[in-house]
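Side chains are part of it too, since the values below use all heavy atoms of this structure and drop only hydrogens, waters and symmetry mates. Both ligands and their constituent atoms are indexed starting at 1 by order of listing.
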Amino acid sequence: MARKFNFSAGPAMLPTAVIERAQQEMPDWNGSGMSVMEMSHRGKEFMSIATKAEQDLRDLMAIPDNYRVLFLQGGASSQFAMIPLNLLGDKAGADYLNTGMWSKKAIAEAKRYCAVHLAADTSEGGFTTVPTQASLTLNPDAAYVHYTPNETIGGVEFDYIPETGDVPLVADMSSTILSRPIDVSRFGMIYAGAQKNIGPAGLCIVIIREDLLGKAAANTPTMFNYAVHAENESMYNTPPTYGWYIAGLVFGWLKQRGGLEAMATVNKRKADKLYAVIDGSDFYASPVANNARSWMNVPFTLANPDLDAEFLKGAAERGLLTLKGHRSVGGMRASIYNAMPEEGVDALVAYMQEFESSR
Ligand code: PMP
């Protein structure tokens, strides 16, 4: 099997061990005589897969008992509407931190359902910084505060968890979940599309504090109501069973590797290696402020953008794929989630140095 290093922002690499296990189990899961794709979601086999996946995620993230874990569909993008529909209650509006393309999308959708107050807005600086806690103009009467701890496109990551007092904090962790330990109790709700650090696309995980359930607006579609999914153990309808199963394999792999403390050590080392080569030369540059640099998505530019195509071509020849930056930022972006082996980063660093010295 010739596995390449895929630096895609998502869908992204999955651990090879997980792919191989899924391959081995595909035709006959655990003596059941069928693939997980073919099982009833209510049968005892799938129930055991589902329960174990949730328990492993709870263990990995130390999720307190008063939080529910939901395995949903519709991607992180559906949450952009579900959050105001479910969490507004009798409040007039919510606070949003505008720090990049994904928070911008969340804001645009929320505006369809409630008054949005921007408690921070870094758009003027081109979304290259994170706002300080002191600069946040939080409204104590907001229904919730929404932010994007890691902006996948800009490569901007918060180096702190905003303090929001009694107002629940809601975080789009799509591109940072499971990359390091976090204190779940600081959040009212965490959500993440799976296709970066969890599993295949099609699954979205929501971790929500129980007291926030049951306040959905009357016209909320049933499928958009968190309380309905919580009451039905994420089986109100047919859940994305295969994605749930693969996510469970990824959680098992993470536990085997030593959990999130161990992942944080490797992830920091991987990111440091890349930023070191970017900062150590005039040939490459990072657009992101030092304290806001993401461990997961590393955008960088070449001093001469005319060389971009050649850089990408040489990278692909070495099995280093999908390094082209997002069209809104340009340049390159290396997404280095949990499943990107450190050897992949080492290979990229070696190629970057080689490419620079060949100019
Ligand atoms: N939020 C963030 C931070 C993302 O990176 C993405 C996907 N790249 C989304 C939301 C949207 O996720 P989905 O495509 O699963 O709706």
Side-chain angles (χ1 to χ4, degrees), residues 6-14 70-85 96-112 116 120 122-123 127-128 130 144-159 161-162 169-180 182 187 189-207 221 223-224 226 229 234 239-240 242-244 246-247 250 267 288 292-299 322-329 333-340:
N6 175 13
F7 293 89
S8 168
M13 284 186 87
L14 284 165
L70 310 177
F71 291 78
L72 307 181
Q73 298 167 72
S77 299
S78 293
Q79 307 309 313
F80 297 164
M82 289 169 80
I83 290 161
L85 280 167
Y96 277 74
L97 314 191
N98 187 26
T99 57
M101 300 302 278
W102 288 110
S103 44
K104 212 170 141 181
K105 285 201 166 176
I107 289 162
E109 189 70 1
K111 280 183 174 166
R112 307 181 62 211
V116 168
T122 59
S123 57
F127 292 134
T128 53
V130 291
Y144 58 87
V145 179
H146 178 282
Y147 84 121
T148 311
N150 186 73
E151 289 281 0
T152 321
I153 293 174
V156 166
E157 183 159 21
F158 277 72
D159 56 347
I161 299 175
L169 180 61
V170 176
D172 175 358
M173 289 204 186
S174 294
S175 48
T176 183
I177 193 165
L178 298 170
S179 66
R180 60 175 100 187
I182 49 140
F187 299 86
M189 180 183 144
I190 290 167
Y191 65 102
Q195 63 273 22
K196 302 159 196 304
N197 242 352
I198 295 174
L203 170 70
C204 178
I205 288 188
V206 168
I207 302 166
M223 277 294 290
F224 267 30
Y226 295 133
H229 291 294
S234 306
Y242 202 74
W244 195 331
I246 298 284
V250 171
N267 286 330
V288 182
R293 289 179 173 183
S294 169
W295 287 8
M296 295 284 104
N297 310 99
V298 182
T322 340
L323 282 160
K324 193 171 167 32
H326 191 270
R327 58 193 177 281
S328 66
V329 178
R333 173 177 50 169
S335 294
I336 49 173
Y337 301 114
N338 286 337
M340 170 60 67

Whether Phe80 and Tyr191 hold their rings parallel, tilted or perpendicular, with breakpoints at 30° and 60°: perpendicular

Atoms in ligand 1 with a heavy atom of Thr152 nearer than 4.0 Å: 2 (C), 3 (C), 4 (C), 5 (O)

Those atoms of ligand 1 less than 4.0 Å from some heavy atom in Phe80: 10 (C)

Exercise: do Thr148 and Asp172 side chains pair donor with acceptor under 3.5 Å: no

Protein heavy-atom partner closest to atom 1 (N) of ligand 1 - residue, atom, separation in Å: Asp172 OD2, 2.6 Å

Which residue and heavy atom of the protein sit nearest atom 14 (O) of ligand 1, plus the separation: Gln195 NE2, 3.4 Å

N/O separation below 3.5 Å, Ser77 to ligand 1: yes

Ligand-residue contact atoms, ligand 1 with Gly75, heavy atoms, under 4.0 Å: 15 (O), 16 (O)

Ser103 (side chain) donor-acceptor with Gly100 (main chain) under 3.5 angstrom: yes

Student check: side-chain heavy atoms of Met173 and Ile182 closer than 4.5 Å: yes

Selected option - heavy-atom contact closest to atom 8 (N) of ligand 1, from Met296, Lys196, Gln79: Lys196

Audit row: Gln195, Tyr337, side-chain hydrogen bond (donor to acceptor under 3.5 Å, both in side chains) steps and yes/no: CA-CA 10 Å; Gln195 63 273 22; Tyr337 301 114; over 6 Å; no

Asn98 backbone acceptor or donor facing Lys104 side chain under 3.5 Å: no

Nearest neighbour of atom 13 (P) of ligand 1 from the list Ala12, Gly193, Ala76, on a heavy-atom basis: Ala76

Numbered atoms and elements of ligand 1 in range of Ser174, under 4.0 angstrom, heavy atoms: 1 (N), 2 (C), 3 (C), 4 (C), 10 (C)

Within-cut-off N or O pair, Asn150 and ligand 1, under 3.5 Å: no

Centroid-centroid distance, Tyr144 to Tyr96, less than 6.0 Å: yes

Check: Val298 main-chain N/O paired with Arg293 side-chain donor or acceptor under 3.5 Å: no

Which segment of Tyr191 sits under 4.0 Å of ligand 1 when only heavy atoms are counted: neither

